[in-house]
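Below is one structure, written out as structure tokens, with a few remarks after it.
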Amino acid sequence: MTLTTRLDESSVSAAIVALTEALGDDNVITSAGELLDYRDPYDYKGSDEYTGAAVVTPEKVGDVQEIVRIANEFRVPLWTFGQGRNYAYGGPAPRVKGSIQLSFRKMNRVLDVDDELAYAVVEPGVRFQDLYDHLREGGYRLWPSIPDLGWGSVVGNTLDSGRGYTRYGDHPSTQCGMEVVLANGELLRTGMGGLSGSKVWHLFRESYGPNHAGLFFQSNFGIVTKMGVWLMRAPEVYVSGWATWRDDELVAGAVDALRELMFDGVITNQPLLGFGGPSESGRDPGQGGWMVRFALYGREPVIEAQYALVREALTRVGDVRVGRRDYRGDEERCGTTIHDDKVQGGVPGLELLEMFKRLNGEDAGHLDLSALGPLDGADVLASIRLRRELYDRHGLPYGAGIVLLQRSALHISPVVFDTRDEQATRAGYAAYNAMVEDLAKAGYPVYRTNIQSMDVVADQFDFGDHAQRRLNERLKDLLDPNGILSPGKQGIWPAHMRDGAL
Ligand SMILES: Cc1cc2nc3c(=O)[nH]c(=O)nc-3n(C[C@H](O)[C@H](O)[C@H](O)COP(=O)(O)OP(=O)(O)OC[C@H]3O[C@@H](n4cnc5c(N)ncnc54)[C@H](O)[C@@H]3O)c2cc1C
């Protein structure tokens, strides 16, 4: 769908004037130079296909409501992000060129932390690094869960169903209680927050019914202005463990063994299975080998027993080496520079981005092909073979990180290209889209994608003659009749933009 030049520029200009009057010059960015920073960092250099017309930075919830009012008045689209670090999925760039980008970078306060009940309430601009610093400085007995990179926003990552690697690494399920500005400007609290003065808004995840929280994940139905996030109690001991082997065949046995260890409650985080990784910490197998990392948290005697069980189960699979690194106190954990140990210990950093640049060059971009399959060893191995075939077909090198979730395996493989080369970048996106279709045909749905592939991914959800799309469109028409909220996100378009109707 090419909508890029069709927005009414005079309406957008009028909206920018109104926004500047309402929020002040300091909160509206319009200079072409500054807007460059708000493009997709992984599109080709000089691409102007997904550039916004302005960036607005609300400072309080009332500002967000005012922005929404103005967007409705002038019928101009807003594209919301927390920090806009959604690298590999579009960064802060809007799906529709000329949209006004709503940046939450100035609404970045940790509003509350409850040490007893282990949760925080954050504004949408709070970075993982901010939350970590806040917890450390406040002396709380709490760990955040963080993704590989610590510069993203907790709320944005969570709403995009992001992943971390501690016991609380399933970020969508750590959300408990949100405040949302709807497209008509109304303020809603989800779940138990529907009761004014509720004592359990951030303690009970369900609702009287229906549960509205899901409506605001990976959608364009509202703007989240607050979120409750469950945190992990700091353990007495933390062990960052790993296992390595070279033979593909052992993947099946290792995955099955890990699944059973997870079902037994021995491993409680989300292990990551990696292929062909660089030997950053000196313990990985290097190119051509496999490594899985896992973590154990808790009391020392329990950890020792758990580690023995893990080692026994994994070495039974075949020629597998198992190792560990222990952290007994918070200072040790926070001082580590080893990426695996940081992310499994809830310590934010940017080393994976640096490593990516070292390996692929400063101007390399990438897309992440993030699809799900069953947490079954034979199937994980089959999905690896399928990806190798697909990557070979497109002349791309295959590498992967496979996150072991409760019953599914999230298989993420990058498509890397040089963003200085427009043709190479376009070829990367085209190969990615083709593989999305091939994976869907094999029963592996992509769950999260970059702005340019949102329609292709949505197209794959075809059950009931695309019943999900029709429901999404009915909701969109009802909740956001003027189509001001992130049009095109997840392939959900407002009526006037559907099928190129704009
Ligand atoms: C090397 C590398 C490693 C990575 N590793 C991981 C990883 O381990 N785990 C992982 O999950 N991701 C990973 N990513 C992807 C990405 O960098 C992170 O998910 C990052 O946290 C997303 O950026 P953000 O948090 O600033 O989200 P944002 O860009 O702020 O938000 C993401 C999306 O959420 C929606 N959104 C944000 N805020 C709101 C709001 N207030 N209301 C409504 N909708 C909103 C918007 O649609 C937005 O586009 C990685 C990327 C790279 C390049």
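Counting starts at 1 for both ligands and their atoms, following the listed order.
Geometrically, ligand 1 and F128 share no nitrogen or oxygen pair separated by less than 3.5 Å. Checking only distances, N157 does come within under 3.5 Å of ligand 1, N or O to N or O. Here's the thing with R163: one of its N/O atoms is less than 3.5 angstrom from an N/O atom of ligand 1.
Contact annotation: S153 has at least one heavy atom less than 4.0 Å from an atom of ligand 1. Under the 4.0 angstrom criterion for non-hydrogen atoms, R448 is in contact with ligand 1. Distances from ligand 1 to the non-hydrogen atoms of Y165 include at least one value under 4.0 Å. Using a 4.0 Å heavy-atom cutoff, Y42 is listed among the residues neighbouring ligand 1. In this structure, F104 counts as a contact residue of ligand 1, since one of its heavy atoms falls inside 4.0 Å of the ligand. Assignment of G84 to the shell around ligand 1 is supported, since a heavy atom sits closer than 4.0 Å. Residue contacts with ligand 1 do not include G164, since none of its heavy atoms lies under 4.0 Å from the ligand.
Residues D43 and R426 are not paired through a salt bridge, judged by the lack of any N-O separation under 4.0 Å between the basic side chain and the carboxylate.
When heavy-atom distances to ligand 1 are checked against a 4.0 Å cut-off, Y87 comes that close through both its backbone and its side chain. Contacts between W151 and ligand 1 below 4.0 angstrom, taking non-hydrogen atoms only, are absent altogether.
Listed by atom number, the atoms of ligand 1 under 4.0 Å from Q83 heavy atoms are 26 (O), 30 (O).
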